[in-house]
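See below for the structure under consideration.
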Number of protein chains: 2
Amino acid sequence: MAKKPVKLDDVAREAGVSKTTVSRVLNQRGYLSEETIAKVQRAMEKLNYRPNAIARQLYKRETKLVGLIFPTIDDPFFGQLEAALENELYRRGYKVLMGNSQNNPAKERSFLRQLLNRQVDGLIVGAHNQAIGEYQRTNLPIVSIEQIVSRNVPVVASDNYNGGRLATQRLLDDGCQHIIHTNYPEDIPTPNHERRLAYEDLLRQHGQTPITYHISFDDPVEKKRAIIRQIFEDHPEVDGIFADNDTNAGLIMNIAGEFKRLIPEDLRVVGYDGANATRILLPQLTTIQQPINQMAETAVAMLQARINGEQVASKMLPVKIIDGGTA
Amino acid sequence: MAKKPVKLDDVAREAGVSKTTVSRVLNQRGYLSEETIAKVQRAMEKLNYRPNAIARQLYKRETKLVGLIFPTIDDPFFGQLEAALENELYRRGYKVLMGNSQNNPAKERSFLRQLLNRQVDGLIVGAHNQAIGEYQRTNLPIVSIEQIVSRNVPVVASDNYNGGRLATQRLLDDGCQHIIHTNYPEDIPTPNHERRLAYEDLLRQHGQTPITYHISFDDPVEKKRAIIRQIFEDHPEVDGIFADNDTNAGLIMNIAGEFKRLIPEDLRVVGYDGANATRILLPQLTTIQQPINQMAETAVAMLQARINGEQVASKMLPVKIIDGGTA
DNA sequence: TTGAAAGCGCTAACAC
DNA sequence: GTGTTAGCGCTTTCAA
């Protein structure tokens, strides 16, 4: 609005040198006399000069920005994951463009379209939505987390099968006879479903019938509660629940109270994720912990490699069980 | 790396028209024959053309990007706040550049410096760090949330004094005789301290001695736990605690267990924030709820006004008490 | 209804 | 050591 912003030219004029010289001082490149440097710096100071990052980006054809596309940030797992990603990216000189898809394919698509317009140097995605064609026909470097995007996008995932195995085995070891599992609806294909496979395999091996209730990540919490109440109504005999995330485990623990079930006496519960926030608020919850920070570091390292033009393979990271007391 | 990206020129050549025409089709501006439009669109399609957003930004001198500077995103309050901000900004056509200052003044400063270089059209800040000189000498539109930044930056805050009053009054009504408060260290000036003022005012009015323990938001959780244990050791007579955020309230509830205090029988607890995630995981916690989503909407509306060159005044939003059962 | 040309603010050959 | 010049890819007067 007010006065036009100061540009390189203005600094050059003020210092009585050429644009090139100012640019060199700015980037500390090439040979310059101490005197000139000082002169230019004085001019910059005097005019309170701020280089225009956009102009530089245009020339350099890189923005040092990485887009993050995840369902939301308002969740213990994704909050910690995105925080770790931001941190690691910052260490490597990248800033973060954040996009929450919120189970809204239109939003995800619009977001993606814009980012593909040379706004970012790379993308890290973990959105739940149906993989969109856009992801396929771009050669922007992409890495995904716990999500299958397309054939040419490497994935960082934790060992979901083993996580499901550890959780189910714990409940079996506790002597549970009626173990129920909660997971996403089947039509959303994610590595997450390996957890369910492990649960089903183990239950069958032990002569029990696997029963899975579907709770969509993006459901409003009241709907989630309703589904969980349904579990207790449909299966009063339930004595063990393996929840596919800690938030659901928390809901289950509360609703168990409504049904007068004591945990762990009447009902054992194992959660999944083991994010900081849930560990703090629900330390009593036994859960399968994903190596969230390590997943973030790995994803960033892989993205960096892709940006450098290298090929990288998908990676699987180990999980572990955290003993709380609920199972 | 591979083939050079397609640019406007290429599309123009392919369609046999000028750059101007292609640009017009792109922006749906000016008079164009149906035929030309179709021709150009076919060329775009064929070449899989993606406009370079950076070039446009350079010309337009606006990026449609807003920077968010907060301590972290891995926290129920800030997670929900930033999610709401992102959502509201997206509605208005802005994307979000996220920067977590993490109680690291160097990081905050570096982040800020870069954003001031015309990378964003505006800034919403809520970092805890000492206000940095940089904030003052820029004319980038800025709005702050629950944070005093500088004289010319309008603030969106909730009614912290009333929140402190509601919390303390509840504990007094419950008959607590020894009420303790946790809050930030005093040297970080935030509207948050109004909560403490209210607590102190009320306690003195009731002939009690206010006692505040300082828990820094950025302390590692083990340090927070240690401070809370100290409360119980120093003041075994404590029968009410007003925590300045729900995470601390959660820690208090767990440590109360270590000291064999039953809640609410032996100890009443009131938290602060009332964010979604804590409401889900700790529904039993009585807390003061900030209107987080409304704060986000207000901040975005104010920022938009500032970007449009209007002056705006700071705003204060009401809080309410949520009955859980811990007080 | 369309095009030529100037310019957004910066960088980097290439010359001197 | 320093300057001249030609772009980076787009938008927009102005003219035709």
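Treat the numbers as computed from the prediction; the structure is a model and nothing was measured. Naming convention: chains lettered A, B, ... in sequence-line order (proteins, then strands); numbering from 1 in each chain.
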Using atom types as modelled, flag every donor-acceptor pair under 3.5 Å from a side chain in residues 77-91 of chain B to any protein atom, sequence neighbours excluded.
unit_1	atom_1	unit_2	atom_2	d
B:Gln80	OE1	B:Asn276	N	2.7
B:Gln80	NE2	B:Asn276	OD1	3.4
B:Gln80	NE2	B:Asn293	OD1	3.3
B:Glu86	OE1	A:Lys107	NZ	2.8
B:Glu86	OE2	A:Asn100	N	3.4
B:Glu86	OE2	A:Lys107	NZ	3.4
B:Asn87	OD1	A:Gln102	NE2	3.2
B:Glu88	OE1	B:Arg91	NE	3.3
B:Glu88	OE2	B:Arg91	NH2	3.1
B:Tyr90	OH	A:Ser110	OG	2.9

Taking the side chain as every heavy atom from C-beta outward, state whether B:Ile145 and B:Phe70 have any pair of such atoms under 4.5 Å apart. yes
With nearest nucleotide decided by heavy atoms, which residue, B:Ser33 or B:Arg118, maps closer to the 5′ end of DNA chain C? B:Ser33
Using atom CG of B:Asn117 as one end and atom P of C:dT11 as the other, report the distance to the nearest whole Å. 11 Å
Whichever of A:Arg29 and A:Lys7 has the more 5' nearest nucleotide on DNA chain C, that residue is A:Lys7
Of B:Leu115, B:Leu116, B:Leu112, B:Asn152, the one forming a side-chain contact (heavy atoms from CB on, under 4.5 Å) with B:Thr138 is B:Leu116
NA contact type, B:Thr21, heavy-atom cut-off 4.0 Å: base, sugar-phosphate, or nothing? sugar-phosphate
Using a cut-off of strictly less than 4.0 Å, decide whether B:Ser23 has a side-chain nitrogen or oxygen near OP1 or OP2 of D:dC10. no
Donor-acceptor under 3.5 Å (A:Asn27 side chain, A:Arg29 main chain): no
Which part of the nucleic acid, if any, lies within contact of A:Leu8, taking any heavy atom under 4.0 Å across all strands shown: a base, the sugar-phosphate backbone alone, or nothing? base
Qualifying residues under side chain to side chain donor-acceptor pair (under 3.5 Å), relative to B:Arg113, sequence neighbours excluded: B:Glu134
Consider the side chain of A:Leu32, meaning its heavy atoms from C-beta on, and name the nucleotide among C:dC10, D:dT2, D:dG3 that approaches it most closely. D:dT2
Whole angstrom is fine here: how far is it from CG in A:Leu26 over to P in C:dA12? 11 Å
Between A:Asn52 and C:dC8, is there a contact of a side-chain N or O with OP1 or OP2 at under 4.0 Å? no
What N/O pairs connect the protein and nucleotides 13-16 of chain D at under 3.5 Å? Give each pair on its own line.
none

Using heavy atoms and a sub-4.0 Å distance, could you list which residues of residues 36-50 of chain B are near DNA chain D? By number, please. B:Tyr49
Spacing of A:Gln119 atom CD relative to D:dC8 atom P, expressed in whole Å: 20 Å
May I ask you to decide whether A:Arg13 forms a salt bridge with A:Asp10, counting only side-chain N to carboxylate O separations under 4.0 Å? yes
When you measure from every atom of DNA chain D, which of residues 53-65 of chain A have a heavy atom less than 4.0 Å away? A:Leu58, A:Tyr59, A:Arg61
Ignoring hydrogens and angles, tell me if any N or O in the side chain of B:Ser101 forms a donor-acceptor pair with the backbone of B:Glu108 under 3.5 Å. no
B:Val120 side chain reached by B:Leu97 side chain, heavy atoms, under 4.5 Å: yes
Could you pull out every donor-acceptor pair under 3.5 Å between side chains of residues 30-41 of chain A and any protein atom, sequence neighbours left out?
unit_1	atom_1	unit_2	atom_2	d
A:Ser33	OG	A:Thr36	N	3.1
A:Ser33	OG	A:Thr36	OG1	2.5

Without hydrogens or angle criteria, can the side chains of B:Gln119 and B:Thr63 be said to hold a donor-acceptor pair below 3.5 Å? no
Which whole-number value in Å describes the distance from A:Tyr31 OH to D:dT2 C1'? 13 Å
CD of B:Glu35 versus P of C:dT1: gap in Å, rounded? 12 Å
Taking the side chain as every heavy atom from C-beta outward, state whether A:Pro71 and A:Asn103 have any atom pair closer than 4.5 Å. no
